[in-house]
Amino acid sequence: MGVRHASRRAWALTGVDLVVEPGERVLLTGASGAGKSTLLAALAGILDDEGTEVAGELTAGGAHPRAARDRLGLLAQDPDSQLVMTRAGDDVAFGLENAGLPPEEIWPRVDAALAAVGFRYGRDRATQALSGGEKQRLVLAGALARRPGLLLLDEPTAQLDPDGATLVRDAVARATADRSATVLVVDHDAAPWLPLVDRVVELVPGGLVAHDPGWRPVPRTAGLRLPPAVDGPVLLAAEAAGYTYRGTAQPALAPTDLQLHAGRVTAVTGPNGTGKSTLALLLAGLRAPTTGRVAAAAELAGGTRRDEPAPHRWRAGELVSRIGTVFQHPEQQFLTGRLRDELALGPLRSGEHAEAARRTAEELLERLGLTAFADANPYTLSGGQQRRLSVATALATAPRVLVLDEPTFGQDAGTWREVVALLAEQRARGCAIAAVTHDADLVAALADARVALG
C-alpha cells in the first residue's frame with residue numbers, strides 16, 4: 001500500500017506489504033519521517049479523506065479500517081488530540097459508553113485501566129491539569145479499557161519517566177497476554193520492547209525490512225564526539241520559583257532553585273507531573289512565577305527596558321533574541337505556513353536583515369534534514385520532524401540561553417545525534433542550556449549539572 005498526503009508531491013508511504021496475524025505483537029521501527037505514524041493512522045481509519053491518496057489494499061480484521069474502529073484502541077503521538085472530556089475518569093469511560101456498556105461494567109473497567117497504567121490521581125482529576133506524560137497514560141488507559149482486538153501504539157513511552165515507561169510496557173504485556181489483541185507499536189526506544197514483541201519490522205523508503213530475532217538497535221551514542229563545555233557566569237537563575245494554577249490548591253511547581261551558567265547544560269529530570277514543563281515556561285519568560293522569582297544577570301538583561309531582570313516582563317523582540325524556547329508540544333509554537341518562513345521569523349523579529357535570516361534558515365534546514373520540506377506547512381510534518389523544526393527555531397536567533405522541553409522526542413539514532421551535536425556546539429559557544437528530559441542518553445552525553453524535581 002501507499003499513502004500520499006494532500007498538498008504533498010512525495011508519497012509518505014510506498015510499497016508497504018505487511019500482514020500481521022491475530023494475536024501477534026509487532027514493533028515497527030524506522031527513521032523519523034519514514035511514515036510510521038501515517039501507517040498507524042491508516043490502520044486506525046483516521047486518515048484525512050480530503051486530498052489524501054491511498055494506493056493498494058488496507059484491511060483490519062478483514063474489513064476496511066473504518067468498519068473496525070469499534071474493535072481497535074489507538075494511542076496517537078499527540079495525546080492531547082485524543083482527550084475529549086474534562087475529567088480523567090470520564091475520558092476513559094467515553095469509549096465504553098459509546099459502545100453501550102452498562103454503568104456497572106464501565107466503572108470497574110475504568111478503575112482497572114487507570115491502575116494498570118499507573119495513573120495516580122483517580123477518576124476526578126481535571127485533564128487540563130495533567131502533564132504531557134500523564135495525558136499519555138490516560139489515553140492509553142482509555143484504549144486498554146475497551147479491550148480492543150487491535151491495539152495501535154505510537155510512541156507510547158516517549159513522554160514518560162523511566163519507571164512510568166516500564167509500567168506502561170508491563171501494562172501492555174499484561175493486557176495482551178492471552179493474545180486476544182493484536183499489537184502494533186511504534187517506538188524509537190526499541191530495545192525495551194524486544195522481550196515483549198514477536199518480531200520487528202523497519203519502515204524504509206519503498207517498503208519494509210523484516211529483522212531477524214537477534215536484531216538489536218545500534219546505541220544512539222555510538223561514535224558521538226562532542227566539543228567540551230565551557231565554564232561561564234550565571235546568566236539566568238530561578239530563586240524559590242514556584243507556580244500554582246488559578247483555581248487549584250496544589251502547586252504545579254514547588255519552589256525551585258536553579259542556575260544556568262554560560263557554556264553549561266543543566267538537565268531537569270523527575271517523574272511525570274512534578275512541574276518540569278512549568279519550570280521551563282518560567283525560565284523562558286513565558287509565565288510569571290506565583291512564588292519566588294526568575295532573574296536574568298545583567299549580561300543577559302542589558303538592553304531591555306530599564307535593564308529589566310525578570311524575563312516575563314520583556315518585550316517579544318527582547319525575549320526572542322535572548323532566550324530560545326522549545327515547547328513540550330512543538331505545534332503550539334509554529335506561526336507561519338512554511339518551514340523556511342518559520343526559521344526566518346525569529347531572526348527578522350530580532351532585527352536581522354532578510355538575506356541573513358534566509359541564510360540562517362537554509363543552514364538549519366540542511367543541518368537537521370528538513371531541506372526537502374522547506375516549503376511545506378509545519379503542521380504536515382511528522383512528530384519527530386516537528387520537534388527538529390522547533391529546536392531549529394530556538395537556535396535561529398543564536399540566543400544566550402536555551403530552554404528546551406524534551407528536545408530529542410521522536411528522533412531516530414541519526415537525527416538524535418545531529419540534535420545533540422547542535423546543542424553541544426551551542427554550549428561550546430557559551431550558551432546556557434536547560435533541557436527538560438526523560439532521555440537518559442541525552443543526560444549522559446550532554447548534561448553538566450542536573451536538577452531532579454519530585
Side-chain angles (χ1 to χ4, degrees), residues 230-246 251-266 268 275-328 332-336 342-354 356-357 360 390-405 423 426-427 429-436 448-449 451 453:
V230 297
D231 194 8
V234 174
L235 295 181
L236 189 67
E239 300 169 1
Y243 191 84
T244 301
Y245 287 94
R246 187 176 301 172
L253 174 69
T256 301
D257 295 317
L258 178 149
Q259 291 185 333
L260 299 182
H261 290 256
R264 314 288 283 183
V265 174
T266 299
V268 180
K276 299 183 300 297
S277 294
T278 300
L279 176 59
L281 292 173
L282 303 187
L283 293 171
L286 300 176
R287 187 165 285 163
T290 54
T291 61
R293 69 175 193 147
V294 173
E299 182 179 346
L300 183 64
T304 62
R305 285 184 300 175
R306 299 183 297 277
D307 295 331
E308 170 61 56
H312 73 271
R313 294 196 177 101
W314 294 348
R315 299 171 181 172
E318 295 170 339
L319 193 61
V320 75
S321 62
R322 288 168 173 79
I323 303 177
T325 308
V326 168
F327 293 178
Q328 186 177 40
Q332 293 177 353
Q333 66 189 95
F334 299 145
L335 300 172
T336 73
E342 195 70 34
L343 289 173
L345 183 62
L348 289 171
R349 277 186 169 179
S350 62
E352 199 167 294
H353 291 299
T360 297
S390 66
V391 170
T393 60
L395 300 180
T397 59
R400 293 298 311 280
V401 174
L402 286 169
V403 179
L404 314 172
D405 199 339
L423 297 181
Q426 300 304 307
R427 178 181 68 177
R429 73 168 178 83
C431 185
I433 301 176
V436 171
D448 306 297
V451 173
L453 302 185

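All values reported here derive from a predicted model rather than from experimental measurement.
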(message) For the CG atom of Leu319 and the NE2 atom of His312, what is their distance to the nearest 0.5 Å?
(response) 11.5 Å

(message) Applying side chain to side chain contact (heavy atoms under 4.5 Å, CB included), can you list everything that pairs with Arg429, at least two apart in sequence or on another chain?
(response) Ala398, Pro399, Gln426, Cys431

(message) Can you tell me how far apart OG1 (Thr256) and NZ (Lys276) are? Round to the nearest 0.5 Å.
(response) 11.5 Å

(message) With heavy-atom distances below 4.5 Å as the criterion, would you say the side chains of Leu345 and Thr393 are in contact?
(response) no

(request) Please identify each residue that fulfils side chain to side chain contact (heavy atoms under 4.5 Å, CB included) with Pro251, with sequence neighbours left out. (result) Thr244

(message) Quick one, Leu404 and Leu423 - any side-chain contact, counting heavy atoms below 4.5 Å?
(response) yes

(message) Rounded at 0.5 Å granularity, tell me how far OH in Tyr243 sits from CG in Leu281.
(response) 9.0 Å

(request) Output yes when a side-chain donor or acceptor of Arg349 lies under 3.5 Å from a complementary backbone atom of Ser321, and no otherwise. (result) no

(message) Using 0.5 Å steps for rounding, measure from the CZ atom of Arg264 to the CG atom of Leu235.
(response) 12.5 Å

(request) Could you pull out the closest heavy-atom pair between Thr325 and Ala284, with the gap in Å? (result) OG1-CB, 3.3 Å

(request) May I ask you to test the Phe327-Asp405 pair for a side-chain heavy-atom distance under 4.5 Å? (result) no

(request) List the atom of Gln259, the atom of Ala237, and the distance in Å for their closest heavy-atom pair. (result) CG-CB, 4.2 Å

(message) Show me the pairs that pass salt bridge (charged side-chain N to carboxylate O under 4.0 Å, His left out) and involve residues 282-294, at least two apart or across chains.
(response) Glu239-Arg293

(request) Search all heavy atoms of Pro255 against all heavy atoms of Ala240 and return the closest pair with its distance. (result) CB-O, 3.7 Å

(message) I want to check something: taking the side chain as every heavy atom from C-beta on, are Leu453 and Leu253 in contact at a cut-off of under 4.5 Å?
(response) yes

(request) Locate the shortest heavy-atom distance separating Arg400 from Gly430; write the atom from each residue and the value. (result) NH2-O, 3.6 Å

(request) Of all the heavy-atom pairs spanning Pro347 and Ala396, show the shortest one and how long it is. (result) CG-O, 3.6 Å

(message) Is the shortest side-chain heavy-atom distance between Asp448 and His261 below 4.5 Å?
(response) no

(message) Applying side chain to side chain contact (heavy atoms under 4.5 Å, CB included), can you list everything that pairs with Leu258, at least two apart in sequence or on another chain?
(response) Ala238, Leu260, Thr266, Val268, Leu279, Leu283, Val451

(message) For Ala241 versus Leu282, what's the shortest heavy-atom pair and its separation?
(response) CB-CD1, 4.3 Å

(message) For the CD atom of Glu299 and the CG atom of Leu236, what is their distance to the nearest 0.5 Å?
(response) 12.0 Å

(message) Let me confirm one number: the OG1-CZ distance from Thr304 to Arg315, rounded to the nearest 0.5 Å.
(response) 9.0 Å

(request) For the residue pair Leu335 and Glu342, establish whether any side-chain heavy-atom pair is separated by less than 4.5 Å. (result) yes

(request) Look at the side chain of Thr291 and the backbone N and O of Gly242, then say whether any donor-acceptor pair between them is shorter than 3.5 Å. (result) yes

(request) Return each pair, listed once, that meets salt bridge (charged side-chain N to carboxylate O under 4.0 Å, His left out) where at least one residue sits in residues 300-309; pairs must be two or more places apart or across chains. (result) Glu308-Arg313

(request) Report the residues that fulfil side chain to side chain contact (heavy atoms under 4.5 Å, CB included) with Val230, sequence neighbours left out, ordered by chain and then residue number. (result) none

